[in-house]
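Presented below is the structure to which this report refers.
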Amino acid sequence: MKATLAAVILIALTPLSAAQAQPTAEPFAVGTAAARPGEIAYGAIDVPAAADAATSIPVIVVKGVRPGPVVAFVAGSHGTEYTSIIALTQLAPRLDPRQLAGTVVIAPLLNVASFEQMTVHLNPVDRKGMNAQYPGDPAGTQTQRALALVAAQIVKRADLVVDLHGGDLDEDLVPYSYWMRSGKATQDAASRELALAFGLDRIIIEDVDLASPTGTRTLSGYSISLGKKVVVAEAGASGKVRPEDVAALVDGCLNVLATSHMIDRAFTPAAHPVWLGSGARVQAESPGIFAQAVRGGTYVSRGMLLGTLTDYTGRDARKITSPSAGLVTFIRGVPSAWKGATLANVAPVFVEPPPYQSAPH
Ligand SMILES: [Zn+2]
């Protein structure tokens, strides 16, 4: 009897207390950026020095006045993928926290040393990839310490993680997004809707093997392993910041917020995307001077010329041909090549998305 009475009281009180608690006046703090409802806060996640130098990761928090999910936008794991970094600096000014439901966390530039020193792919401080070391290590080198804080303060608190990339200084890339799949139907369906909402009409299907440590070391793989919804998108080529590429990423981010019912915005999801596999990376068999024969975004057949590789005297030219038919998602846009360097990536085109499989398509 008492149990029943207690239950009745609880049922009566819960909606009232929930209504009073929303929106909470507590700030949402990431590093030194703490935003109360209706506010935008700018700050940083400070990574103290240890075995190597300290760093400071810029961060923006936009807290809405209505309840809703926490969405994290991250760019600049690769600090010379400028288009994605610039896009995220332009996102907060497009948001009105007084009209927003939920919370938006924006980290435009994780790899500050890469940006400042124009070092491609890696953090020059410890020569580690900042999209390859999740969940980080508080006792490790700078990359690991930084990612441990990003994991704790951003990723774990987010319902949805958007990871932006773009054509690095050495990559002639065509814009695309990823539908990252875990093999879990509900999570995968949600991520599919988000990839379509983002709006880029080329979507690479990437199946994450949650049992494989290498599959969950990236931001997207780690986020998926925690059950988050994930979108990855890339735009920009060869380090160039073209307005249309920036706009495509900013619009995609706003579309993600719109489809998550956090902002009011009309958008058109990609209706007929080109579904792509992860594809085959073409690697250099020797060091040399590479000259691309096609641009990123070219459809090629098997055996078609992608470029040539000569030795450092300009002789011994070797034809680099496509191992398969598909879309050149990116191709090396600079002459530097070394044994094992990625020269191009050719992704197969699917008529329909194939079923999830833990090995690459
Ligand atoms: Zn990248």
Side-chain angles (χ1 to χ4, degrees), residues 55 57-58 72-89 91 106-134 136 142-143 146-147 150-151 154-155 161-180 195 198 200 202-204 206 208 214-224 230-242 245-246 248-250 252-253 276 278-279 281 283 296-297 328-334 336 341-345 347:
T55 185
I57 299 168
F73 294 96
V74 177
S77 304
H78 304 128
T80 46
E81 295 183 355
Y82 298 121
T83 301
S84 53
I85 297 162
I86 305 299
L88 284 195
T89 66
L91 183 58
I106 306 168
L109 178 57
L110 290 196
N111 195 344
V112 175
S114 160
F115 180 90
E116 291 180 344
Q117 300 180 36
M118 292 195 292
T119 304
V120 294
H121 309 307
L122 300 174
N123 178 351
V125 173
D126 57 12
R127 307 295 297 172
K128 288 177 179 154
M130 283 195 86
N131 194 31
Q133 294 284 331
Y134 285 90
Q142 188 189 86
T143 293
L147 295 189
V150 169
I154 298 179
V155 181
V161 176
V162 181
D163 183 24
L164 296 186
H165 292 259
D168 216 320
L169 294 175
D170 57 350
E171 294 170 344
D172 182 358
L173 180 143
V174 68
Y176 50 81
S177 60
Y178 286 89
W179 176 21
M180 306 286 296
F198 197 95
L200 298 179
R202 301 176 195 90
I203 302 178
I204 296 176
E206 187 161 311
V208 178
T214 54
T216 56
R217 280 186 194 143
T218 62
L219 174 57
S220 53
Y222 175 62
S223 300
I224 282 174
V230 171
V231 183
V232 180
E234 310 211 27
S238 305
K240 298 268 193 321
V241 183
R242 298 189 304 174
D245 290 331
V246 175
L249 292 182
V250 173
C253 293
L276 300 159
S278 300
R281 293 204 172 201
Q283 294 183 312
V328 178
T329 52
F330 66 87
I331 185 163
R332 179 160 287 274
V334 294
S336 294
T342 299
L343 301 178
N345 188 77

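Start at 1 and go down the list; that is how both ligands and their atoms are numbered. Values in this document were obtained by computation on a predicted structure and should not be read as measured data.
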>> As a test of understanding, state which of Asn131, Val162, Leu110 forms a side chain to side chain contact (heavy atoms under 4.5 Å, CB included) with Val74.
In response: Leu110

>> I'd like to know if the side chain of Ser114 and the backbone of Gly79 have a donor-acceptor N/O pair within less than 3.5 Å.
In response: yes

>> Can you confirm whether the side chains of Asp245 and Thr83 place a donor and an acceptor under 3.5 Å from each other?
In response: no

> Tell me, which N, O or S atom in His78 is closest to the Zn ion (ligand 1)?
Replying inline: ND1

>> Taking backbone and side chain together, does Glu81 place any N/O/S atom at a distance below 2.8 Å from the Zn ion (ligand 1)?
In response: yes

> What orientation do Tyr134 and Tyr222 show, parallel under 30°, tilted 30 to 60°, or perpendicular over 60°?
Replying inline: parallel

> By atom name, which N, O or S atom of His165 is the nearest to the Zn ion (ligand 1)?
Replying inline: ND1

